[in-house]
Amino acid sequence: MTKVTMTVNGKAASGDVEGRTLLVQFLRENLRLTGTHVGCDTSQCGACVVHVNGKAVKACTMLAAEADGAEVVTIEGMAGADGSLNTIQQAFQDHHGLQCGFCTPGMVMSAAALLSENPKPTETEVREYLEGNICRCTGYHNIVKAIMAASGQDVGVIAAE
Amino acid sequence: MYAFDFEKPGSIADAVAALKDEDAQALGGGQTLIPTLKQRLAMPSKLVSLTGISEMQGVCKADDGAVCIGGATPHAVVAAEAAGDYPALAELAAHIGDPAVRNRGTIGGSLANNDPAACYPAAALGSGATIVTNAREIAADDYFQGMFTTALDEGEIVTEVRFPVPEKAAYMKFEQPASRFALVGVFVAKYADGVRVAVTGASESGVFRWSEAEAALSSNFSAGALDGLSVPADGMISDLHGSGAYRAHLVAVMTRRAVDAAG
């Protein structure tokens, strides 16, 4: 066992992990931050996306030991301390960007990474950025719409496909 | 995954020393190795992470104009930092996997694994790149030795890759939509002394150079110069995504598109 220490959602967190412990296991099982989901466990679906040092990564395909000393942000770090939704989360609610909600934590984290790199993405850029996030309910349309709305752009022009 | 020890050295020398242990294995960004370990297809005693070695990070330009990329540089960094000096290479890096994969996966990891459908082998072979390791420099023509096989010795690390910058180049990938690996990908690069064409995704022997196309394009760099040229379907990968004949056909199609895109 090795001790790892990282900052998770602004707070110091540490724990003993095996070499093979995945970051997503550490977050869910040690820290009980179960908002980060494990969908496919093969780095296809993106339900486990979190930010490590500001970059979106798949927490099911990164060892916890690799995140030692890192700044990690999970879906639990998105809402305000009083539980109020952030702009992206609110836009997902307003534009029906989720149905079952399983993919939503990863979608919101990917969307946040996109908007920090590219504050006014085109619809095509949003769709391309979500290549690694799979949703089996919505057909993506309302997710794209929500992200466009969260970026402050007019979504009236986005036609249903 | 089977249990393994984990080490994260801060220098190439320490990494080389750590890899001397029996069954120790280098870990780049882990975007292939971790899924492989989950399937219990590998059982290393120890993983030696290369991501904490600052001398293996980043993109720079050598005195001779070559673009040099540290072996532990993630695809997203190559996409951003090589865009000015070698746009075709940056474009290729920008379309590997998906954004989260590009933030972790590294060029050295991709080249050391030499997946027959990976993108970077096509760029390295198509550019006549030099693979620099902790021990030596290997020409791309000598480096790729078949599917998942390279000239690397046990415990040898890809520390840097040097790409001579061509006059024109483009990479065209026909994507397998689920994995985003190349069903067929073709990298075409025009240098003063000739054209190189490297094909990934297609052959059972891994990335290869299409020499007939190189000869035709070296005398006339246009898609029309490829008229009538084809690669044989023998030895092409046949799987549920496409037959060998389909891949052989795609090689010619993607080569033409790459030439057109290179302009």
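Reminder, nothing fancy here: chain letters follow the sequence lines and each chain counts from 1. Values below: all heavy atoms of this structure, side chains included; hydrogens, waters and symmetry mates excluded.
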Report task. Classify the side-chain pair Glu66(A)/Thr51(B) by whether it contains a donor and acceptor separated by less than 3.5 Å. Result -> yes

Query - Smallest separation among heavy atoms of Cys60(A) and Ile34(B), with atom names - result: O-CG2, 4.2 Å

Query raised in the report: So what's closer than 4.5 Å to chain B heavy atoms on Thr2(A): side chain, backbone, both or neither?
Result: neither

**Report entry** Interface residue of largest heavy-atom contact number with chain B, from Gln44(A), Glu117(A), Glu128(A), Lys58(A), under 4.5 Å
**Finding:** Lys58(A)

Requested in this report: Decide if atom NZ of Lys120(A) counts as having more than 12 heavy atoms of other residues, nucleotides or ligands within a radius under 6.0 Å.
Outcome: yes

Query raised in the report: Would you say the side-chain atoms of Lys38(B) pair up with the backbone N or O of Asp41(A), donor to acceptor, closer than 3.5 Å?
Result: yes

**Report entry** Proximal component of Leu63(A), with respect to chain B [non-hydrogen, under 4.5 Å]
**Finding:** both

Query - Residue Arg257(B) excluded, over 12 heavy atoms near CZ under 6.0 Å - result: no

Query raised in the report: Is there a donor-acceptor contact under 3.5 Å from the side chain of Asp98(B) to the main chain of Glu131(A)?
Result: no

Requested in this report: Name the region of Ala76(B), side chain, backbone, both or neither, that has any atom closer than 4.5 Å to a heavy atom of chain A.
Outcome: neither

Query raised in the report: For the side chain of Glu18(A) and the backbone of Ala3(B), is there at least one donor-acceptor N/O pair under 3.5 Å apart?
Result: no

Report task. Go through the atoms of Met109(A) and report whether side chain, backbone, both or neither lie under 4.5 Å from a heavy atom of chain B. Result -> neither

Query raised in the report: Salt bridge between Lys8(B) and Asp68(A), side-chain N to carboxylate O under 4.0 Å?
Result: no

Report task. Could you tell me whether a side-chain N or O of Arg20(A) sits under 3.5 Å from a main-chain N or O of Phe4(B), the two making a donor and an acceptor? Result -> no

